[in-house]
**Q** 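The structure under discussion is supplied below as structure tokens; questions concerning it will follow.
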Amino acid sequence: MLDEPRSGRLASWGNALLAGLVSPDEAAHRIADDDTVHRIVDLPGEEAPVGLTLALGRLRRLGAVGLRVALPVPGHPLGLSGPPEFNARALEAEEAVLAVGAGLGLVPEAYEAGPEGGSGPDVHIEVVWRCLPAREAPPADVPSLGEAERELAEALREATEVLSKLDVAGAGPVAQAALEAYRARAEAGRQVLAPGYPPRSVRVLELAQRVGALIDIAQQAGGEHGGAVSSSEIAARAEALRPVERTARRAQVAAYNSAVEERQRHQG
């Protein structure tokens, strides 16, 4: 959970664009981030794959008034609303975006391009978003921002206790590298959400990412000196952290979706 989901970037900056707070070019640039290119396929009214700028404009014309995030995993269809084909693809990708008002959903498929055996700058990531019909219904298991914030405070305490009990505090270089990567991102002052989100959303998302970082550190420390070394210990660690990870994912979705929820409250 250290990496920002592509669905989060698409929803965040797409919502800012739909609200008229950023330009199409800035939204497309922020969504793509370090990826080489993003294309959308099977978009109604477009026979060929299209870029982000054209796709977001098309979604607006198709009735989209906001974008929501789904971060489902097997056994937890977080943020999904159906139908089965869309849910299945979203579960496979473990993320998706729903275009509220348009009855459509977007699921990302990432591909690596570059020389065989290449790495770093030699490898380029191309992302294809597949557009599918999505049901206009309340998304599954998404809390309010207030609920998410309260749950996260408890989850952070639980994660810290679990890490202490499992002797992860002195874990090896992989875990330490993960912690340093998280700290570097936090200190860089990156913009975690696009313009238009309430300050509470930013606070919740930052806390969810912090909890996610702790979970990643615990999982990556599994085979290192000072961490769990047996399969039973690794399984016990995963079981102990599962509810914490679930809480962090729910909070992420609540934060990304809060712009849509806020807009609907004002309109209602």
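One is the number of the first residue; the rest follow in order along the sequence. Everything quoted here is computed from the prediction, not taken from an experiment.
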**Q** Pair R39, V127 - check side chain to side chain contact (heavy atoms under 4.5 Å, CB included), show working.
**A** CA-CA 6 Å; R39 296 186 180 90; V127 179; over 6 Å; no
**Q** Are L62 and L67 connected into the same hydrophobic cluster when the rule is that any two of I, L, V, M, F, W, Y join if their side-chain heavy atoms are below 4.5 Å apart?
**A**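 Hydrophobic grouping puts L67 with L62.
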**Q** How long is the gap from CD1 on I40 to CG on L59, to the nearest 0.5 Å?
**A**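 If I round to the nearest 0.5 Å, the distance is 7.5 Å.
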**Q** If you define the side chain from C-beta out and look only at heavy atoms, does anything of P138 sit under 4.5 Å from S81?
**A**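 No, every pair of side-chain atoms sits at 4.5 Å or beyond.
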**Q** Rounded to the nearest 0.5 Å, what separation is found between the CH2 atom of W13 and the CD1 atom of I31?
**A**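 With rounding to 0.5 Å, CH2 (W13) is 9.0 Å from CD1 (I31).
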**Q** Please round to the nearest 0.5 Å and tell me the distance separating atom CG of L17 and atom CZ of R60.
**A**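 Interatomic distance, L17 CG to R60 CZ, rounded to 0.5 Å: 5.5 Å.
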**Q** Give me the atom names and distance for the closest heavy-atom approach of V204 to A255.
**A**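 Distance-wise, the nearest heavy atoms are CG1-CB, 4.3 Å.
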**Q** How close do V22 and A27 get, heavy atom to heavy atom, and via which atoms?
**A**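 Of all heavy-atom pairs spanning V22 and A27, the closest is CG2-CB, 4.1 Å.
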**Q** Would you say that P5 contacts L71 through its side chain, given a criterion of any heavy-atom pair below 4.5 Å between the two side chains?
**A**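 Counting from C-beta outward, P5 and L71 do come under 4.5 Å.
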**Q** Would a 4.5 Å heavy-atom cut-off, applied to side chains only, mark E126 and D35 as touching?
**A**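 A side-chain contact under 4.5 Å is absent here.
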**Q** Do you know which two heavy atoms are closest between G196 and L21, and how far apart they sit?
**A**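 Nearest heavy atoms, G196 then L21: CA-CD1, 3.5 Å.
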**Q** Can you name the closest pair of heavy atoms from P24 and T53 and give their distance?
**A**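 Residues P24 and T53, closest heavy atoms: CB-CG2, 3.5 Å.
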**Q** Before giving the answer on side chain to side chain contact (heavy atoms under 4.5 Å, CB included), spell out for E47 and D42 the whole-Å C-alpha distance, their side-chain angles and the decisive distance to 0.1 Å.
**A** CA-CA 7 Å; E47 295 183 2; D42 299 333; over 6 Å; no
**Q** Measuring from atom CD of E4 to atom OG of S12, what distance do you get when rounded to the nearest 0.5 angstrom?
**A**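 So the CD of E4 and the OG of S12 are separated by 7.5 Å.
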**Q** Side-chain atoms of residues 91-108: list all donor-acceptor pairs with protein atoms under 3.5 Å, sequence neighbours left out, distances to 0.1 Å.
**A**
unit_1	atom_1	unit_2	atom_2	d
E95	OE1	R6	N	3.2
E95	OE1	S7	N	2.7
E95	OE1	S7	OG	2.8

**Q** With sequence neighbours left out, what residues match S144 under side chain to side chain contact (heavy atoms under 4.5 Å, CB included)?
**A**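 Per chain and number, S144 pairs via side chain to side chain contact (heavy atoms under 4.5 Å, CB included) with E147.
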**Q** Are side-chain heavy atoms of V69 and Q252 found at a separation under 4.5 Å?
**A**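 No, every pair of side-chain atoms sits at 4.5 Å or beyond.
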**Q** Under a 4.0 Å threshold between the charged nitrogen and the carboxylate oxygen, would E206 count as salt-bridged to R210?
**A**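 So R210 does not pair with E206 through a salt bridge.
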**Q** Quick one: list whatever passes side chain to side chain contact (heavy atoms under 4.5 Å, CB included) with A32, sequence neighbours left out.
**A**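 By the side chain to side chain contact (heavy atoms under 4.5 Å, CB included) rule, A32 matches H38.
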**Q** If you take all heavy atoms of C131 and P44, which pair is closest and at what distance?
**A**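 Taking C131 first and P44 second, the nearest heavy atoms are SG-CD, 3.9 Å.
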**Q** Indicate the atoms forming the closest heavy-atom contact of G14 with L56, along with that distance.
**A**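 What the structure gives for the nearest pair is CA-CD2, 4.3 Å.
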**Q** Any heavy-atom pair between the side chains of W129 and L43 that's under 4.5 Å?
**A**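 No; the side chains remain at least 4.5 Å from each other.
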**Q** Decide side chain to side chain contact (heavy atoms under 4.5 Å, CB included) for Y197 and N15; before the verdict, give the C-alpha distance in whole Å, the side-chain angles of both, and the deciding distance to 0.1 Å.
**A** CA-CA 9 Å; Y197 278 84; N15 281 326; 3.1 Å; yes
**Q** Do any N or O atoms from the side chain of R250 and from the backbone of L78 form a donor-acceptor pair under 3.5 angstrom?
**A**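 Absent.
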**Q** May I ask you to test the E149-R200 pair for a side-chain heavy-atom distance under 4.5 Å?
**A**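 Yes, at least one pair of side-chain atoms sits under 4.5 Å.
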**Q** Go through D25 and H29 one step at a time and tell me if the side chain to side chain contact (heavy atoms under 4.5 Å, CB included) criterion holds.
**A** CA-CA 6 Å; D25 287 344; H29 173 71; over 6 Å; no
**Q** Can you get from L54 to L52 by hopping between Ile, Leu, Val, Met, Phe, Trp and Tyr side chains that sit under 4.5 Å apart?
**A**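 Result: yes, single cluster for both.
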**Q** Does the side chain of L80 reach to within under 4.5 Å of the side chain of D141, using non-hydrogen atoms?
**A**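 Not in contact.
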**Q** If you apply the rule salt bridge (charged side-chain N to carboxylate O under 4.0 Å, His left out), what do you find for R150 with E154, and how did you get there?
**A** CA-CA 7 Å; R150 289 191 296 271; E154 180 61 30; over 6 Å; no
**Q** Which value, rounded to the nearest 0.5 Å, describes the distance between L152 atom CG and R157 atom CZ?
**A**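 The CZ atom of R157 is 11.0 Å from CG of L152, to the nearest 0.5 Å.
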**Q** Quick one, E112 and H124 - any side-chain contact, counting heavy atoms below 4.5 Å?
**A**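 A side-chain contact under 4.5 Å is absent here.
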**Q** Could you check whether R249 pairs with E245 (Lys NZ or Arg NE/NH1/NH2 to Asp/Glu carboxylate O, under 4.0 Å)?
**A**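 Looking at R249 and E245, the cut-off is met.
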**Q** First locate atom CG of L193, then atom OG of S201, and finally report the distance between them rounded to the nearest 0.5 Å.
**A**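 L193 CG to S201 OG: 6.5 Å, rounded to 0.5 Å.
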